[in-house]
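Contents: one structure, followed by commentary.
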Amino acid sequence: MLLRQNERTALFIDGASLHHAARNLGFEVDFRSLRSLFESQCQFQRAFYYAAMPETEDYSPLRPLTDWLAYNGFHLILKNAREFTDHSGRRRIKGNMDVELTVDLLEQSSRLDHAVIISGDSDLRRAVEAAQNRGVRVTVISSMRSTPPMIGDDLRRQADRFVELADIAPSFTRRQSEQRTRQAPVRHPADLNSDETSDT
């Protein structure tokens with residue numbers, strides 16, 4: 001990932017994209033270890049986590065995770081997701097967070113040397129270019145080893161550096177033997193056949 005001790009660095013996490021990629025690659029993210037990795041290797045500024053919450057439910061299965069993240073130093077950006085049934089009768093959730101991530105990336109760019117984005121959505125390509133034009137080095141983390149690949153070609157080519165998620169996952173993968181109470185397990189709304197991360 002080439003984190004540098006002298007660089008002001010922020011992390012931008014597309015929650016649904018990370019969830020899909022991690023599930024596809026067969027591991028579970030330990031967000032405490034992920035944050036610690038950044039805190040130990042750079043001038044870490046902030047970690048942003050983006051998620052769309054189903055608006056039709058009083059209680060979302062994503063809530064335990066977002067509560068944990070909020071109490072453990074992550075800056076949450078949440079919005080209501082739209083739930084609908086497609087033409088084949090399958091339940092789907094739509095809640096793209098690209099606009100929210102783009103706004104924060106550009107707002108933070110004057111205070112950053114390095115932005116690390118965990119997402120594979122090619123719609124972010126122009127936002128990455130705009131941040132680069134402001135002097136920010138941009139690393140994108142996603143996966144080409146998942147089936148299908150989670151990273152869009154346009155975004156991968158635009159980034160200053162692309163990092164394969166599977167290569168760095170051991171640094172923040174929760175072991176099965178660890179107590180489940182360390183970080184709340186989550187069934188992500190994106191599991192409901194979400195098309196939120198399909199636009200790569």
Within-4.5 Å side-chain heavy-atom neighbours: Thr139 and Ile117: no

Separation of Asn96 CG from Asp123 CG (nearest 0.5 Å): 6.5 Å

Side-chain donor-acceptor pair present, Glu28, Thr173, cut-off under 3.5 Å: no

Residue pairs involving residues 102-119 (criterion salt bridge (charged side-chain N to carboxylate O under 4.0 Å, His left out); sequence neighbours excluded): Arg8-Asp113

Minimum side-chain heavy-atom gap Lys79-Glu100 below 4.5 Å: yes

Candidate pair His20 and Met150, rule side chain to side chain contact (heavy atoms under 4.5 Å, CB included), full reasoning: CA-CA 8 Å; His20 279 303; Met150 296 294 294; 3.6 Å; yes

From Ser122 atom OG to Asp98 atom CG, the distance as rounded to the nearest 0.5 Å: 10.0 Å

Set of residues satisfying side chain to side chain contact (heavy atoms under 4.5 Å, CB included) with respect to Asn72, sequence neighbours excluded: Arg32, Trp68

Non-hydrogen atoms of Asp121 and Ser119 that approach each other most closely: N-OG, 3.3 Å

Interatomic distance, Ile13 atom CD1 to Leu18 atom CG [nearest 0.5 angstrom]: 6.5 Å

Separation of Glu7 CD from Cys42 SG (nearest 0.5 Å): 8.5 Å

Side chain to side chain contact (heavy atoms under 4.5 Å, CB included) partners of Arg156, counting only residues at least two apart: Met144, Ile151, Asp153, Phe162

Shared-cluster residues of Val103, by chain and number - hydrophobic side chains joined below 4.5 Å: Val99

Heavy-atom pair with the smallest gap, counting every atom of Asn24 and Pro148: ND2-N, 4.4 Å

Euclidean distance, Leu3 CG relative to Leu37 CG, rounded to 0.5 Å: 6.0 Å

Ring centres under 6.0 angstrom apart (Phe12, Phe48): yes

Pair Leu165-Ser142, side chain to side chain contact (heavy atoms under 4.5 Å, CB included): steps then yes or no: CA-CA 5 Å; Leu165 179 62; Ser142 189; 5.9 Å; no

In one Ile/Leu/Val/Met/Phe/Trp/Tyr side-chain cluster, 4.5 Å: Tyr49, Leu106: no

Side chain proximity check, Val138 to His114, heavy atoms < 4.5 angstrom: no

Val163 vs Val140 side-chain heavy atoms within contact, under 4.5 Å: no

Distance, nearest 0.5 Å, that separates CZ of Arg137 from CG of Leu2: 6.0 Å

Contacts of type ring pair (Phe, Tyr, Trp, His ring centres under 6.0 Å), residue Phe27, not counting sequence neighbours: none

Heavy-atom side-chain contact between Leu105 and Leu124 under 4.5 Å: no

Gln43 backbone acceptor or donor facing Gln45 side chain under 3.5 Å: yes

Residues forming a side chain to side chain contact (heavy atoms under 4.5 Å, CB included) with Glu129, sequence neighbours excluded: Arg125, Arg126, Gln132, Asn133, Gln158

Trace of the side chain to side chain contact (heavy atoms under 4.5 Å, CB included) decision for Arg145 with Glu164: CA-CA 8 Å; Arg145 298 182 194 168; Glu164 169 60 49; 3.6 Å; yes

Side-chain touch Phe44/Arg35, heavy atoms, less than 4.5 angstrom: yes

Any side-chain heavy-atom pair of Ser109 and Val136 under 4.5 Å: yes

Between Ser17 and Asp14, a side-chain donor and acceptor under 3.5 Å: no

Chi angles and distances behind the side chain to side chain contact (heavy atoms under 4.5 Å, CB included) call for Arg63, Leu78: CA-CA 11 Å; Arg63 183 61 65 185; Leu78 307 175; 4.1 Å; yes

